[in-house]
Amino acid sequence: MAAKRGAWRTRFGFYLLAIGSACGLGNLWRFPYVVGENGGGAFILLYVFMALAIGAPMLIAELMLGKNTRKSVMVATQQMAQKSNTGFKWAGRLAVILTIVVFSYYAVISGWVLHFMTQFFVSLFSDYESASSKTNLAALMGNGWLQLMLASAHILITVVVVVKGVQEGLERWISYMMPLFAALVIVLLVKSFSLPSTPEVVRFLFYPDFSKLTMSSLNHALGHVFFTLSLGFGTMVTYGSYMRDEDHVPTAGFRVALVDSLISLVAVMMIFPVAFQASNVPLTDPALMFEVLPRYLLGIHGGTLFGLAFFVCLYMAALNASIGLLEVVVSNFVDTKKNIGRVRATWYSGLVALLLAILPALSSSVLKAVRVGGRSLIESLDSLLINWFLPLVALAILLAFYKGTSEKEKEVSFIDKDKFVSYSMYPHWIFVLKWVAPAIIGLGFVLQVLSLF
Ligand code: PFF
C-alpha cells in the first residue's frame with residue numbers, strides 16, 4: 001500500500017478516504033432503484049435503522065480490527081482465528097474474492113458514468129436534438145461491446161493509478177472535489193423538488209406502507225448497508241490499519257455511517273421527483289438514475305454544462321471507490337504471495353477483473369436472452385453478491401474480530417476516558433456485535449431463502 005501503517009498525519013485524512021470509499025455509485029445509482037424495488041417509505045425506514053443500528057457498530061468493528069492488527073483483512077482474520085482457535089481465517093479470503101468480483105461489475109457501471117461524461121462533453125458543441133440522441137441510455141444498453149470497452153477503460157485507469165502509486169494523492173485530490181459535487185447535488189435536489197410530482201414523491205418516500213415490504217426486504221436493506229459502507233470487503237480494515245493511535249474509532253465509524261446515510265437519502269430525494277415526472281420509467285430498473293437524470297438535465301437551462309460537471313464528479317467518486325476495491329485485492333495478494341511484487345499483482349488483478357466484467361457488460365445486449373428468475377444477468381449478479389454473499393462475509397469478519405479480540409482489548413479500544421458517551425455506548429455496542437447483528441443477518445437470510453418458495 002502507498003500509505004504506511006498509522007501514516008495519516010491528520011484525522012481529516014482518514015475521514016476523506018473513508019467517506020470517499022463509502023460514498024460512491026452505491027448511494028447515487030444503487031440506492032434509488034433498491035428503494036424502488038422495495039416499495040419506498042417503509043424500506044427507507046428499515047434501511048436507515050439498519051445502517052445506524054447494525055452498520056455503524058460493524059463499521060467500528062472492522063476499523064478496530066485494522067487499527068489493532070495494523071494488517072489487511074486476510075492476515076488480520078488469520079491472526080484472529082489463531083488467537084481464538086476458530087475457523088474464521090477463511091473470512092478474509094472470501095472478502096477478497098468478493099471484492100474482485102464486485103470491482104468487475106462496479107467497473108461496468110463506472111463505464112456507464114464515463115459514457116455520459118463524454119457524451120455531455122460532446123453535447124456542449126451540438127444542438128439539443130443530437131445531444132439528446134447521444135445521451136440516450138438505450139443506445140448504450142444495446143451496445144455490449146461499447147460497455148465492455150468503457151469498463152476496460154475504467155479498469156485500466158484504476159490499475160494505472162495503483163501501479164503508479166499515486167492513489168493517495170489522487171484520492172485526496174478527488175476528496176477536495178467532493179464539496180463541488182455536494183453543491184451540484186443540492187442544486188439538483190432543490191430543482192427536482194420543485195417539480196409538480198413532489199407531493200406524490202414525498203408520500204412515496206416518507207409515508208411508510210409496510211405492506212410493500214417483502215420477505216427479501218430485510219436482506220436488501222442489510223446488503224445495501226454493507227455495500228454502501230464498504231463493509232465485508234476489507235477496505236475498512238485497511239483504512240483502520242492506517243489510523244493514528246490517538247484516533248477514536250467509534251466516533252469515526254459513527255460519523256462515516258451517518259454521512260453516508262444522509263447522502264443516500266439526498267440521492268433518492270433528488271432522483272425520484274424526476275423519475276415520477278417521467279412516469280414511464282420503471283422505478284426498479286438498475287439503470288434508473290441513468291435513465292432519468294441525463295434527459296432531465298438536457299431539458300433545463302445550462303443543463304449540458306451542469307450535466308458534464310455532475311458526471312465528472314460522479315466518475316471521480318466511482319474511481320475513488322474503485323481504487324479502494326483494487327487496493328484490497330492487491331495488498332492481500334502481496335501480503336500472502338510475497339514474491340509476486342506489487343506492480344505485477346496489480347496488473348494480474350486488473351486482468352482478472354476485466355475477464356469477470358465480460359458477462360455483466362454484455363448482459364443487456366448479446367446476453368440479453370439469458371435471464372435468471374426473470375432478471376437480467378447483471379441484476380442477478382448484483383443480487384447474488386450483495387443480497388446473499390456480502391451479509392455472510394461481513395458477518396464472518398465480525399465474528400473473527402469478536403472471537404479473536406479479548407473483552408479487555410475491545411473495552412480499551414472503544415472507551416475514551418474523555419468521552420462520557422463512549423462509556424454508555426460500550427455495552428450497547430457489545431450487545432449488537434454479539435447478539436443483534438448475527439441474529440438479524442441470520443433472520444434476513446432465512447426470510448430470503450423462504451421467499452424463494
Ligand atoms: N461503498 C461504495 C459505494 O457505495 O459506491 C462501494 C464500495 C467501494 C464497496 C469500495 C466496497 C469498497 F471497498
Side-chain angles (χ1 to χ4, degrees), residues 5 50 53-102 219 222-223 225-227 229-241 243 249-250 253 328-329 331-338 385-415 425-446 448-449:
R5 304 292 180 194
M50 288 301 152
I54 309 279
M58 286 177 69
L59 175 56
I60 294 169
E62 280 201 16
L63 290 172
M64 208 176 270
L65 175 61
K67 190 177 173 215
N68 291 357
T69 57
R70 300 270 178 224
K71 291 279 182 291
S72 52
V73 68
M74 264 165 70
V75 180
T77 49
Q78 267 160 13
Q79 279 186 5
M80 294 288 114
Q82 262 165 14
K83 268 169 102 182
S84 60
N85 225 344
T86 50
F88 289 108
K89 64 170 188 283
W90 46 266
R93 217 169 290 162
L94 284 182
V96 176
I97 296 173
L98 179 70
T99 303
I100 188 134
V101 185
V102 168
N219 251 31
L222 284 172
V225 165
F226 297 144
F227 180 73
L229 293 179
S230 308
L231 290 177
F233 294 89
T235 314
M236 289 300 177
V237 178
T238 301
Y239 288 164
S241 75
M243 288 177 94
V249 176
V328 168
V329 180
S331 61
N332 281 284
F333 207 160
V334 174
D335 273 358
T336 47
K337 252 188 164 328
K338 298 249 178 328
L385 292 173
I386 311 301
N387 300 333
W388 290 87
F389 205 52
L390 182 57
L392 293 183
V393 181
L395 178 62
I397 297 178
L398 166 66
L399 293 177
F401 164 78
Y402 194 85
K403 305 251 178 235
T405 313
S406 68
E407 272 307 306
K408 189 83 211 136
E409 271 176 293
K410 285 195 273 268
E411 195 178 318
V412 169
S413 313
F414 194 96
I415 295 178
M425 289 314 286
Y426 179 66
H428 298 289
W429 180 64
I430 290 290
F431 185 68
V432 168
L433 296 193
K434 190 168 180 193
W435 302 109
V436 184
I440 300 262
I441 295 173
L443 176 67
F445 208 77
V446 170
Q448 189 161 253
V449 170

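Each residue takes its place number in the sequence, starting with 1.
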Looking only at heavy atoms, which two atoms of [X] and [Y] are closest? And how far apart?
X	Y	answer
Lys67	Met243	CD-CB, 4.1 Å
Ala53	Val432	O-CG1, 3.5 Å
Thr69	Ala76	OG1-CB, 3.6 Å
Leu231	Gly55	CD1-O, 3.6 Å
Gly253	Ile60	CA-CG1, 4.0 Å
Ala91	Ile397	CB-N, 4.0 Å

Could you give the distance from [atom1] ([X]) to [atom2] ([Y]), rounded to the nearest 0.5 Å?
X	Y	atom1	atom2	value
Leu395	Ile54	CG	CD1	10.5 Å
Leu59	Tyr239	CG	OH	12.5 Å
Met50	Leu229	CE	CG	13.5 Å
Ser241	Leu63	OG	CG	10.0 Å
Thr77	Lys403	OG1	NZ	15.5 Å
Leu398	Phe88	CG	CZ	9.0 Å

Is there side-chain contact between [X] and [Y], with heavy atoms separated by less than 4.5 Å?
X	Y	value
Met80	Val75	no
Phe445	Leu392	yes
Arg93	Thr336	no
Val73	Val96	yes
Phe226	Phe233	no
Ile386	Phe227	yes
Val249	Ser413	no
Met64	Phe401	yes

What verdict does the side-chain contact (heavy atoms from CB on, under 4.5 Å) test give for Val328 and Ser72, after you've listed the backbone C-alpha separation in whole Å, the side-chain angles of each residue and the deciding distance to 0.1 Å? CA-CA 8 Å; Val328 168; Ser72 52; over 6 Å; no
Go through the steps to decide whether Phe414 and Ile430 satisfy the test side-chain contact (heavy atoms from CB on, under 4.5 Å), and finish with yes or no. CA-CA 10 Å; Phe414 194 96; Ile430 290 290; over 6 Å; no
Donor-acceptor contact below 3.5 Å, side chain [X] vs main chain [Y]:
X	Y	value
Thr238	Gly234	yes
Thr405	Tyr402	no
Gln448	Asn387	yes
Lys71	Gly66	no
Glu62	Gly232	yes

Start with the C-alpha gap between Leu385 and Leu390, add the side-chain angles, then the distance that decides, and say whether side-chain contact (heavy atoms from CB on, under 4.5 Å) holds. CA-CA 6 Å; Leu385 292 173; Leu390 182 57; over 6 Å; no
Check for me whether Lys410 meets the cation-pi criterion with Tyr426, that is, NZ or CZ under 6.0 Å from the six-membered ring centre and within 45 degrees of the ring axis. no
Thinking salt bridges, do Glu409 and Lys83 make one under a 4.0 Å N-O criterion? yes
